[in-house]
Structure formats: C-alpha cells, structure tokens
> 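Starting off with a structure, shown below.
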Amino acid sequence: MIAILKYNAGNTTSVKNAVERLGYSCVVTDDPQVLQKAAKVIFPGVGEASTAMRYLKKRELDILIQSLKQPVLGICLGLQLLCKHSEENDTSCIGVFDAEVKRFPNELIVPHMGWNVLEVKESKLLKGISVVDDVYFVHSYYAEVSKDTKAICNYGIDFSAAMQKDNFYATQFHPEKSAGIGEQILKNFLEI
Amino acid sequence: MLKKRIIPCLDIANGRTVKGVNFVDIRDAGDPIELAKRYVEEGADELVFLDITATLEKRKTLVALVTQIASAINIPFTVGGGINSLEDAKAVILAGADKVSINSAAIKYPQLITEVSNYFGNQCVVVAMDVKNTQGNWKVFSHGGKTSTELDALEWALEAERRGAGEILLTSMNNDGTKNGFAIEITNTISEVVNIPVIASGGAGTMAHFKEVFQETKAGAALAASIFHFGEIPIPQLKTYLQNQKIPVRCL
C-alpha cells in the first residue's frame, strides 16, 4: 500500500489520481500506524511553509516523517519541508536535507510557473530522464543546490529540482502534473 | 529554460464542450474529457475550462466534471466561470483543479482574490480580465464582457497582483474572435509591469501571431480556443514552428 500524507497543505487529489493511473492502490492518511506500515510514503504539498510545519509539529508528524525507513517522496512544498530551514516566514523545517530554502529574487517573474528542463545527476528516481525532457514547476521558493541535489534546474539561478538522501527522495516539480515524463518518474519511485 | 506555454481553452455548458470540434478520431466532440485527453496527447502545456453557463444549480455538474477531468489528465488545468466565493473555489480545487480563474466576482469583491490566495497559495489564483480599448484607454469589462467598469486595465492588473493573484489571464475584447493577432500593446504594458505570469488571450489566427506575442511581450503563455478545436492550427505543428523561430517551447 502506498500512503499519501494528509495534512493542511494541499491538493492530494492529483497525486492520488496519478498513483492510481499507474495501477497502484493508495490511501490518503495522517494515521501514524498506516504511514509507518506503508510500502512507500508520498509527502505532497502546495501551500505555505510555516502553516504546514505548525500543523505537522502539532501532530508530531514531523518526527514521524523523519523516522520513516521506507522510500519517501516529497513533492514541491514536500521537498522544501524536508530541508533544514525556509525563508518563507522564517520556518524551521524537518531537516533531512542539509539545505536552505530561499525566495526567488524580485527581478524574476514569480512564481516560476511552467515547464522547464533538468540537469540530472546519478539518480534512481530520474532514471531514463534526459536533458530535453520538460517537467512542470510552480513555486516561489527554491532549495539551494547542496550535496543531496540530484537534479538542477535553472530559473535565473540554479536550484535543486530533485534531491535524495538515504530513503528520502524529493522533487520540486510536480511529477503528477508532468504528463508522460512525470508518470515515468513516479513509476521509478514506485518501483524502488 | 522556462518554456512558453500553449493553452487551449474549452468552453463548457452543462458539462459539455460548446463550439464543437472537428478532430477526426474523437468519438464525441462534445465530451470535454475526450477533447482534454486529445490536447494532452498533442502536447498542450495546460488547459483552461470555462463554464460559460455557470449557475448555482449547474455547480454540481461542474464539480463532477472537474473530478473526471482530474482523474483523466496529467497536466495542470484551470477552471473558471462563476467562481463567486471561497467555497466555490474550494469545491473546484478539492475536486482536482490546479487553479481557479476569477473574473467578475473579483471585480465586485476584490477581497476574494486574497481569500483564495491565502487559503491555497497564490499559484492557485488566476485573475481573468476582459479588456477593451475605447478611445485610447484600456478598460476592464465584467460579466463576460457585457458590463463596462471604470477600472483601468493596468491598475486592475496591479491590484490583482497586490491582492494575491498568481497569474493574469488577459483577454482583449477588441481582438477576441478576429483572428488578427493578440493585442500586443496592452499585453506588453501589463506583462512588463506585473511580476507574475501573464497569459495572452484573444485574436490568435496564425502561428505567426504566437511568435509575435512571445517575441514582443513578456507573456509566459498564450491561450486560444477555436483555432485548436477546429484543427486549424495543430498544437504539434505550432510547437515545431515556434521552436524553429527560437521561441522556447516544450516539444514532445
């Protein structure tokens, strides 16, 4: 069973639909026992960092996420919350990735919204993805490039488009909204 | 590099697409799901669904349709038409829409932009504005272009941004339906000044019109309806053309 974390950030419908289209059954839940027993956990997110972290901390879901041993996939805000700290309302985050989340500079059009390409390093998650494959981004904050970065995207500056450390995988883009390429990436994750 | 987006717009009435289509292998041209899937296969970057007869009693039909669209397609889509409250926006977004487009309701009650933006984030809020040039001034019209307002187009765009819009869908009524090209001047003025993406809309008739709007303005996307529905400009052909013109687009 694939578990999709239910919390106050987001639209879990699209992620659930995408997982189901690939033929996997999944459940949207905040039940710690279900999350711990799941084969894989997806940590999606659309929203604001401090509100999301407050919600997670209140229910000790931040500690639970950190303790998970199965493959975990953070998406968008999910990636940012797995970092150490976000500039968005000066928020202390979960800290799996040793990286800082910053706002795009004011001279850029923000949000970074639309299709952009990846410069992929060695990565199980992004297996088969090439430099010409576009994926869909929509975000105003980004994780800086760090040792856990597995793919870089450039929008005015280089930022982490995908990250991985141990069993924690994350994408800043939305695989569930990235047509066939996104489907391939989700399939890669589900097959890890 | 961030790509310029090509966005087909589907007008929906009572859960069916209107204006018809002539795609050869579509079984039911009025079925929005069939048409949406076709556009995804062709490489559309996003889709917009506008419920043009949205009334209270039709709301449930729309939400059911959004649920079906969300399970059938894997690219972002926006739903607009009759989104009058945070509750309306919630119903559509929780059913799986990525963004809502607000038009007349935002003019009547600008705080709605802020309410939806605070609840879901600004990336979910598209403010659609229908503008018309009368005596050299670009003014905003509401209620599907039927009602004039005193709002100046540029000022309204800036206010929408300030209130939390994540994107502006700018339709020039002077150009809409003419197939003479997008309204370059006002699209340029607004996209230069706001700091959020602008979708140019109204007037697309040839592939060169898309090139023009992307070369001469900062619009991040261009939207059209009939030229795509009637197969006058197939999306793959348009993308190849734009790529050859050195405009960054996503090609499959």
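Chain letters run A, B, ... following the sequence lines, proteins first, then strands; residues in each count from 1.
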> Which atoms of A18(A) come close to chain B, meaning under 4.5 Å heavy atom to heavy atom: side chain ones, backbone ones, both, or neither?
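The answer is neither part of A18(A).
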> Would you say that more than 12 heavy atoms from the other residues, nucleotides or ligands in this model lie under 6.0 Å from the NZ of K165(A), or not?
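Atom NZ in K165(A) is crowded, with more than 12 foreign heavy atoms closer than 6.0 Å.
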> Of the non-hydrogen atoms in P197(B) and P111(A), which two are nearest, and what is the gap between them?
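Reported closest heavy-atom pair: CG-O, 4.0 Å.
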> Heavy-atom distances under 4.5 Å only: say whether H112(A) touches chain B with side chain, backbone, both or neither.
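Looking at H112(A), just its side chain touches chain B.
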> Looking only at non-hydrogen atoms, find the nearest pair between G166(B) and M113(A) and report the distance.
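Nearest heavy atoms, G166(B) then M113(A): O-CE, 4.0 Å.
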> Consider side-chain contact (heavy atoms from CB on, under 4.5 Å). Of D98(B), N74(B), I73(B), which one does S14(A) pass it with?
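The option that passes is D98(B).
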> If you count heavy-atom pairs within less than 4.5 Å of chain B, which of V132(A), L108(A), I109(A) leads?
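Going by pairs under 4.5 Å, I would pick I109(A).
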> What part of N118(B) gets closer than 4.5 Å to chain A, counting heavy atoms only: side chain, backbone, both or neither?
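Interface part for N118(B): neither.
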> Is A97(B) close to chain A through its backbone or its side chain, or both, or neither, when contacts mean heavy atoms under 4.5 Å?
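Backbone only.
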> For a side chain to side chain contact (heavy atoms under 4.5 Å, CB included) check, start with the C-alpha distance between V138(A) and Q123(B), then their side-chain angles and the critical distance, and finish with the verdict.
CA-CA 7 Å; V138(A) 50; Q123(B) 78 288 336; 3.3 Å; yes
> Do other residues, nucleotides or ligands put more than 12 heavy atoms under 6.0 Å from the NZ atom of K58(A)?
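Not more than 12 within 6.0 Å, no.
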> Is there a donor-acceptor contact under 3.5 Å from the side chain of N116(A) to the main chain of M1(B)?
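Pair found, side chain donor or acceptor close to backbone of M1(B).
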> Mark yes when over 12 heavy atoms from residues, nucleotides or ligands other than K40(A) sit less than 6.0 Å from its NZ; otherwise mark no.
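Count over threshold, so yes.
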> Taking L2(B)'s backbone N and O only, do any of them form a donor-acceptor pair with W115(A)'s side chain (distance below 3.5 Å, no angle check)?
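Side chain of W115(A) to backbone of L2(B): no pair is present.
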> Sort E183(A) into side chain, backbone, both or neither according to what part of it lies under 4.5 angstrom from a heavy atom of chain B.
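Contact with chain B involves the side chain of E183(A) alone.
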> Does any N or O in the side chain of R21(A) come within less than 3.5 Å of the main-chain N or O of S71(B), such that one atom is a donor and the other an acceptor?
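Side chain of R21(A) to backbone of S71(B): a pair is present.
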> Is it the backbone or the side chain of R5(B) that comes under 4.5 Å from a heavy atom of chain A, or both, or neither?
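Side chain only.
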> Would you name the heavy atoms of V110(A) and I196(B) that are closest together and state the gap between them?
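Scanning both residues completely, I find the closest heavy atoms to be O-CG2, 3.3 Å.
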> Has Y119(B) got more than 12 heavy atoms of other residues, nucleotides or ligands less than 6.0 Å from its OH?
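Open.
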> For K124(A), I'd like to know if atom NZ has over 12 heavy atoms of other residues, nucleotides or ligands within 6.0 Å.
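Not more than 12 within 6.0 Å, no.
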> Is T13(A) reaching over with its side chain to a backbone N or O of L94(B), donor-acceptor style, under 3.5 angstrom?
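Pair found, side chain donor or acceptor close to backbone of L94(B).
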> Looking at chain A, which one of A72(B), A70(B), C124(B), G220(B) has the largest number of heavy-atom pairs inside 4.5 Å, strictly under?
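Looking at each option in turn, the highest pair count goes to A70(B).
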> Is K57(A) atom NZ crowded by more than 12 heavy atoms from other residues, nucleotides or ligands, each under 6.0 Å away?
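More than 12 heavy atoms, drawn from other residues, nucleotides or ligands, come within 6.0 Å of this atom.
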> Under 4.5 Å from any heavy atom of chain B, what part of E48(A) do you find: side chain, backbone, both or neither?
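For E48(A), there is no contact with chain B at all, as no heavy atom is under 4.5 Å.
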> Is it the side chain or the backbone of I181(A) that comes within 4.5 Å of chain B heavy atoms, both, or neither?
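Contact with chain B involves no heavy atom of I181(A) at all.
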> Mind checking the CG-CG spacing from D134(A) to L252(B)? Nearest 0.5 Å is all I need.
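The distance works out to 9.0 Å.
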> Count the heavy-atom pairs under 4.5 Å between each of S140(A), A179(A), G180(A) and chain B, then report the option with the highest count.
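Of the candidates given, the most pairs with chain B belong to A179(A).
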> Which region of E41(B), side chain (C-beta onward) or backbone (N, CA, C, O), has a non-hydrogen atom less than 4.5 Å from a non-hydrogen atom of chain A, or is it both or neither?
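Answer is neither: E41(B) stays 4.5 Å or more from chain A.
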